[in-house]
Every structure is written in structure tokens, then in C-alpha cells.
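Everything on this sheet refers to the single structure shown next.
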Amino acid sequence: MARQSNKAIGMASLFVLLTLSPAAHATRSPLKHERVRKAAAAKGELLKAAYRDAGVAYPARRIFLRIFKKENLIELWGEKKDGTYKKIKNYPVCYASGKLGPKRWEGDQQVPEGFYHISVFNPRSSYHLSLGINYPNRSDRKLGKRSRLGGQIMIHGDCVSIGCVAITNDLIKEVYVLAAQARS
């Protein structure tokens, strides 16, 4: 029974590895914006302690975010020096629209399910800070049911969503800073 449960969780998840798309390289460093500098100053010691407690060097060279839709949870994993990943912290999701199941067309209000990377850093977001994922990816384009698949799927603050993953403004500061540090 536990095996089926784990399979169901894996099928209803969004996995985000901080690997950079060429477009992300062309943008200004996400750490230079005033809102991000303030977030880094406010959260730096807390983040260093969480990494130290997990046995991961701060900041991690790469991070991995595993988002569970049913559980409304984001797991943050950091890459260790030996190339393995260690779970550092959990973040509660305060709002994500839709239900279990993949996003298949624009306007379905679904959060995508699959493997993505962060392709956009938006420190000026209307939702405090936001990290855009590369939805639709090749799999989404192949499996999508309509020609318009949508886009601009974000992990952001402000606890509102129509297809994104929202956490509190206080918590997006941590996630955004860690992603920006791994990008730099």
C-alpha cells in the first residue's frame, strides 16, 4: 500500500531543478535588486543555520525544489560537495489552484506536473518575488490537448494563484534568495 501511495505522490508533483536556461543567463543578477538584497539581509542567518543543520555548504551550488500538490508542500534540497542532494527545509504552500492532474491547456487553472527548471527571476513581481519555470516544456507541448498551453507559471508570494504555486511573502524571500545564490 505504501508503494502505491508514493507513486501517487510522485505523479502529482512539480519538480524544479535550478539549472539555467540561456535566457536566464542574459538577465541581470537577481541578487542586485533592492528587494532581493533586503530579503537576503533579513534571511541570511536563518538560511545559513538551516544549511549548516543539514550538512550542506551555504549557499548550495545547485538547489532542487520538489513541490507536492496534494500535500501543499515545497521541499528544498541543496547539492552537497560530493554531488548528492540533501533535504534542507520544507515550505508550506498557502495556495495553488486546480486539482491533482497535469496542466494541459491555457486557462485550466492547473499547476503543471513534471520536471522543470527556473527560467525567470522576477524581483519586481506584483506577487512580491517570483521564480518562473520553463512551462510548457517539450513533454507539455507533446501531451497538451489544445494549441494554447499557456505559460508564465511561477513560484511566488502573496498567497493567490491561477496556475502558479504561492507561498507567503516571508517564505518566498528565502526560496528566491537561495535560487538567486545558486544561479550566481
Side-chain angles (χ1 to χ4, degrees), residues 6 9-10 13-69 71 73-93 96 111-125 127-140 151-157 164-184:
N6 286 339
I9 289 171
S13 299
L14 170 68
F15 300 95
V16 181
L17 178 63
L18 186 60
T19 58
L20 299 176
S21 69
H25 282 290
T27 61
R28 188 177 127 189
S29 171
L31 288 168
K32 291 185 179 179
H33 191 274
E34 181 182 357
R35 189 181 287 177
V36 181
R37 286 195 319 267
K38 286 181 180 179
K43 296 295 187 170
E45 293 305 315
L46 175 77
L47 294 172
K48 286 178 189 174
Y51 272 60
R52 183 182 57 246
D53 292 348
V56 177
Y58 178 83
R61 295 179 322 155
R62 291 180 183 226
I63 64 169
F64 174 71
L65 301 173
R66 187 162 70 165
I67 303 171
F68 295 101
K69 290 169 67 170
E71 292 80 1
L73 182 72
I74 299 173
E75 291 180 345
L76 166 72
W77 296 67
E79 184 182 35
K80 295 171 50 176
K81 289 181 181 179
D82 66 1
T84 62
Y85 284 77
K86 175 88 186 252
K87 188 167 90 168
I88 298 169
K89 193 169 182 177
N90 290 328
Y91 294 97
V93 172
V111 173
E113 295 176 6
F115 293 88
Y116 301 91
H117 64 262
I118 295 172
S119 57
V120 174
F121 288 81
N122 184 0
R124 294 181 184 92
S125 173
Y127 305 101
H128 193 57
L129 297 165
S130 61
L131 299 166
I133 65 167
N134 68 317
Y135 174 86
N137 63 20
R138 190 163 64 186
S139 174
D140 297 315
Q152 296 186 347
I153 303 297
M154 307 281 182
I155 301 166
H156 61 69
C164 298
V165 175
I167 61 179
T168 65
N169 288 351
D170 189 53
L171 296 179
I172 193 61
K173 290 176 186 176
E174 294 182 27
V175 176
Y176 191 98
V177 165
L178 293 170
Q181 288 171 336
R183 179 200 182 269
S184 296

Side chains of [X] and [Y]: closer than 4.5 Å at any heavy-atom pair?
X	Y	value
Lys38	Lys173	no
Tyr58	Leu178	yes
Glu75	Phe68	yes
Leu76	Val175	no
Leu47	Pro59	no

Salt bridge present between Glu34 and Arg37 (N-O < 4.0 angstrom): no
What heavy-atom pair brings [X] and [Y] nearest, and what distance separates the two atoms?
X	Y	value
Ile63	Tyr51	CG2-OH, 3.7 Å
Leu46	Lys89	CD2-NZ, 3.8 Å
Leu65	Ile155	CD1-CD1, 4.0 Å
Val177	Ala40	CG2-N, 3.6 Å
Ala96	Val111	CB-CG2, 3.9 Å
Val93	Ala166	CG1-O, 3.4 Å

Residues that Lys43 engages under side chain to side chain donor-acceptor pair (under 3.5 Å), provided they are two or more places apart: Asp170, Glu174
Pairing residues for Asp53 by the side chain to side chain donor-acceptor pair (under 3.5 Å) criterion, not counting sequence neighbours: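 Once residues adjacent in sequence are excluded, Asp53 has no partner under the side chain to side chain donor-acceptor pair (under 3.5 Å) criterion.
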Spacing of His33 atom NE2 and Tyr176 atom OH [to the nearest 0.5 Å]: 8.0 Å
CD1-OH distance between Ile172 and Tyr127, expressed to the nearest 0.5 angstrom: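 Answer for the CD1-OH pair, Ile172 versus Tyr127, is 13.5 Å.
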Side-chain (Arg35) to main-chain (His128) donor-acceptor, under 3.5 angstrom: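 Yes; judged by distance alone, with no hydrogens or angles, the pair exists.
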Worked check of side-chain contact (heavy atoms from CB on, under 4.5 Å) between Glu71 and Asn90: CA-CA 11 Å; Glu71 292 80 1; Asn90 290 328; over 6 Å; no
What donor-acceptor contacts under 3.5 angstrom involve side-chain atoms of residues 130-138, with partners at least two apart or in another chain?
unit_1	atom_1	unit_2	atom_2	d
Ser130	OG	Ser125	OG	3.4
Asn134	OD1	His117	N	2.7
Asn134	ND2	His117	ND1	3.4
Tyr135	OH	Leu149	O	2.9
Asn137	OD1	Ser139	N	3.1
Asn137	OD1	Asp140	N	2.9
Asn137	ND2	Phe115	O	3.0

